Every structure is written in structure tokens, then in C-alpha cells.
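I have placed the structure first, in the form of C-alpha cells, so that the comments after it can refer back to it.
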Amino acid sequence: MTALTLNPIDIGAVVSGLTSPESGGIDVFIGTTRNQSRGREVLLLEYEAFEPMALEVMENLERRAMERWPLHKIAIVHRLGRVPVGEASVVIGVSAGHRKEAFEACRFLIDVLKQDVPIWKREHFADGTMEWSGSIQQSKVNVNRV
Amino acid sequence: MTALTLNPIDIGAVVSGLTSPESGGIDVFIGTTRNQSRGREVLLLEYEAFEPMALEVMENLERRAMERWPLHKIAIVHRLGRVPVGEASVVIGVSAGHRKEAFEACRFLIDVLKQDVPIWKREHFADGTMEWSGSIQQSKVNVNRV
Amino acid sequence: MKIRLRLFANARDLAGFAEKTVDLQHPRASEVFEYLASVNPEFREWSRSIRLAVNRRYVDDAHPLQEGDEVAVIPPVSGG
Amino acid sequence: MKIRLRLFANARDLAGFAEKTVDLQHPRASEVFEYLASVNPEFREWSRSIRLAVNRRYVDDAHPLQEGDEVAVIPPVSGG
């Protein structure tokens, strides 16, 4: 299951969707907005996606994980728009017969998501500036806060 | 935070308790009752604990993880009594600045919990028998179902 | 040959637009970088960190384009 | 010397009781195994897989016991 949503992610509901009678272990990774980035105070993160492609890449990641490990269910949910400090931007969950596969696949999915899924975050700093994250040219693209 | 409970574990509440403004990643492991064990159909698992010692060992595991990785918060919640197929018997969550530590510490905690925490499960099989799990003498201690 | 360009995140900010239909002479993905540099020279420094996706799939610079292709300009992603 | 024994899971089933105050002559944890074998000989086969905890801490067999200690008989754990 893959989803993009503008609303807070209901983690309990994601986990419920992963349970199955065959599963013995579920690993869930939750990425949350930190209050600082590279030493600067962060107020919130703002995510945008190339939505149809992001969903396709996420589905492709699920297929790759399913081929590589004996898994039961996978959920990848990414929030878009503004995500305040302490709230979840991404929830990735994997259920499997045993915990080893669940942990390995969950780690794989978040690692590859961060490399390949066309989603971008803009950091909104307490000093009123904002910056796109993850860019080699970060300092060049400061924009004044609207 | 460590807890033993006879009630279903509220995973959303556990995760909420782990969030902090400094955290960027949370890893949560959820152990659930599987519908089979060593080829036999399982109806439910029944857990018992040496409760005060189990809590002490769980707190000790938390301290060891905190010393080994830069973590923010840890939760270890184990359910006792009867846990039907598909429901969670244990929830372990770790929040940290970055995901690497969260994954490693969560894996460590469930691995060591399974070795050291004085909690036992009895498998209730569909054929009406039940057996304590994890024993080298499993076949010897079959008991008739009450 | 007409292709539909889509730009995201800081690539969109640098170009000043999110979508545009452009007419390319040499139908290869790499020509998109030349077009972007003509819009804003800062794209020259950026091109090594930008990936292109044609019809929602990542492609390399030599990928041949076809009339009507949607070419997405993907700056370094930062989801998660 | 009186100690308080506590038994769990299949150790309790084998012994037929969950708690008992017993009087030991040689105050070492290992004597608990001899006592258990006197209750049910099956404990002999079990002793290598049983751990003892004195006052809620795992101890080795040579651990000296003191009057009033609580000794828990811990069969292989299976939480999680």
C-alpha cells in the first residue's frame, strides 16, 4: 500500500493494515520533523512531490522488497504540505513471518525512498528564511519567506 | 518507558509518547501472534511474566541501549495473558536524531528481550493442546487444555 | 519536436515556472539541460545533480525523446 | 536456611507449585536444582536450560544464598 496525503498520518491505522494472521513481526519506521537542521532552528518542513511518479516509484520499491524478502504486507505513506516539528512526514511498515526480514526490508525501503522518490522538502527556519533541502547548491536558492 | 499490560497495546499512543522535537526518526517493532507454530495451527498465545523482574530487566535493557546509541526515548510494552492471532504481544519503539540509531537500537532491544526478559508464552493449538514455547523439552510438557 | 517540461522544488524556483511546452531540435534528454541553462545560467552548475524522468521514469542523458513526452526535471530528492 | 522459591511457566507445571519456602542446608543456588530434582526427577534433564534469579537478578550456580532470599526458577524465556 502506498499513499501520499496532506493530512497527519494515522500510524495506528497503518499498523492495523499490516497485520495478518501469518505475521509474527512488523517493523515500522516513522520519520518526524526535527526542530533543527545543520545547527539552525526549524519551525516546520514543507513537502512537495511529483505525485504520480512518486507513487509509481514507491510501488516499485514495494515490489523490489517483496522480491528480495519473504514479506506479507508493506505500507509506505508520505505526508505532503506543511509538517510541524514532532509530526510524522513518512511512515513505512513491513510485516513478515519473522522480525529479521521485517527490519531489513523496512531499512531498505526508507533508504531507497530517500534516494529515489521524487519528493522534496523545504525547511522553514525560525529566522524567517526557507531552503530546499538535499541540494548541493543549498545556499544559492534561499527564498524570502512569503 | 516500560510496561506490562493485560490489555491490547495502543500502538498509536506508544508512538506519540516517543516523539520529541529533537527526533528525526522512530523505529517501532511489533510482535504479533502468528496462526501457526512449527507447522501446527495456533489459536492464541498466552503470556505470563515474573512481573517485577521482567520490568527491571526491561529497564536495564533501556539503559544499555541508551548508553550504546544516542537515543531520545525508548518504549517497551509487553502484553500478558491471552493474545489472539494478529494482535500485538510486544511493542518496542525508539526515537533518535537519525534513523540508523533508531533501527539498530530497536533490533537490539527485541533480540535481547527475547533472551533475557522473564516472560513465557504458552501456545494454544487448534487441536486443543497447549505447550510452553522456547523450551528444549517442549514435547515433554504437553498439558491437556482446561 | 514538442515536449512537456515539468519542474519541481528548487529547479522550479530557478526556472521561474513549473510547466512549459518547449520545442527541442535534438531529441535527447540532454538537450533539456541546454534549454534550462538558456532560461537561467545557474542550471549549468546544477545539471550534474539533476535527474530527468521521461513519462515518470528516470532516464539517462542520452535517452531519445519523442513528440509529446513529459520530461520531469528532478533536483536532488529529500523525502523521508 | 530458609529461602523463598518462585517457579514459572513449565518449571511451575513440573513442580506442581508456584511458590514455596524451602529450607536449604548448603546455601548455594545450585542446591535449588537438587531440591527441584527431589520434587520431580524430570528437573534433572532441565537444569541446564534453567536460569536462577536471586532477588530478581540472574546469578550463576555458585551464587551464595542468604536467609530470606527470593530464588526464581526461570525456564527458557519466550517473550516477544
Side-chain angles (χ1 to χ4, degrees), chain A residues 2 4 29-34 37 45-61 76-80 83 88-92 106-107 109-123 130-144 146, chain C residues 3-22 29-30 32-66 68-80:
Chain A
T2 63
L4 297 170
F29 175 78
I30 300 147
T32 53
T33 296
R34 301 180 71 186
S37 173
L45 298 176
E46 185 187 359
Y47 287 89
E48 76 167 61
F50 179 16
E51 297 189 20
M53 181 173 165
L55 287 166
E56 282 180 30
V57 175
M58 285 154 68
E59 279 157 23
N60 189 258
L61 293 188
I76 306 177
V77 182
H78 206 297
R79 184 165 165 192
L80 301 178
V83 182
S89 51
V90 66
V91 175
I92 295 184
C106 191
R107 182 75 196 269
L109 288 166
I110 179 64
D111 287 352
V112 188
L113 178 143
K114 282 174 171 273
Q115 286 164 26
D116 283 346
V117 178
I119 295 179
W120 299 269
K121 68 167 154 265
R122 187 147 57 171
E123 296 168 318
M130 57 190 186
E131 256 175 42
W132 291 103
S133 168
S135 129
I136 53 166
Q137 303 284 82
Q138 234 145 9
S139 57
K140 296 224 170 188
V141 288
N142 278 4
V143 211
N144 288 322
V146 217
Chain C
I3 60 141
R4 186 165 159 242
L5 267 191
R6 299 194 60 174
L7 292 89
F8 298 92
N10 41 4
R12 182 188 58 231
D13 292 350
L14 279 179
F17 57 85
E19 265 188 74
K20 187 173 270 184
T21 298
V22 295
S30 56
V32 169
F33 289 115
E34 291 165 35
Y35 170 76
L36 292 172
S38 77
V39 170
N40 183 338
E42 281 200 54
F43 272 107
R44 285 194 206 290
E45 296 168 58
W46 267 86
S47 60
R48 290 185 59 186
S49 63
I50 286 177
R51 286 195 278 181
L52 298 179
V54 174
N55 303 329
R56 303 174 192 173
R57 289 182 180 264
Y58 290 114
V59 298
D60 61 31
D61 290 3
H63 186 87
L65 298 178
Q66 301 194 319
D69 274 350
E70 178 193 65
V71 179
V73 177
I74 313 273
V77 302
S78 53

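In what follows, chains are A, B, ... by sequence order, proteins preceding strands, each numbered from 1. Worth saying up front: this structure is predicted, and the values here are computed from it rather than measured.
Contact of A:Asp116 with chain C is made through backbone and side chain together, with heavy-atom distances under 4.5 Å. Of the atoms belonging to A:Tyr47, it is side-chain heavy atoms, and not backbone ones, that fall under 4.5 Å from chain C.
Side chain of A:Ser133 to main chain of A:Glu123: no donor-acceptor pair is present (N/O by atom type, distance under 3.5 Å, no hydrogens or angles). For the pair C:Asn55 (side chain) and C:Asp69 (backbone), a donor-acceptor distance under 3.5 Å is absent.
Note: C:Tyr35 and C:Phe17 have tilted aromatic rings, judged against thresholds of 30 and 60 degrees for the angle between ring planes.
By the neighbour-count criterion of 12 heavy atoms within 6.0 Å, atom CD of C:Gln66 is sparsely surrounded, having that number or fewer from other residues, nucleotides or ligands.
Of the residues considered (A:Gly31, A:Pro52, A:Ala49), A:Pro52 shows the highest number of contacts with chain C, using heavy-atom pairs under 4.5 Å.
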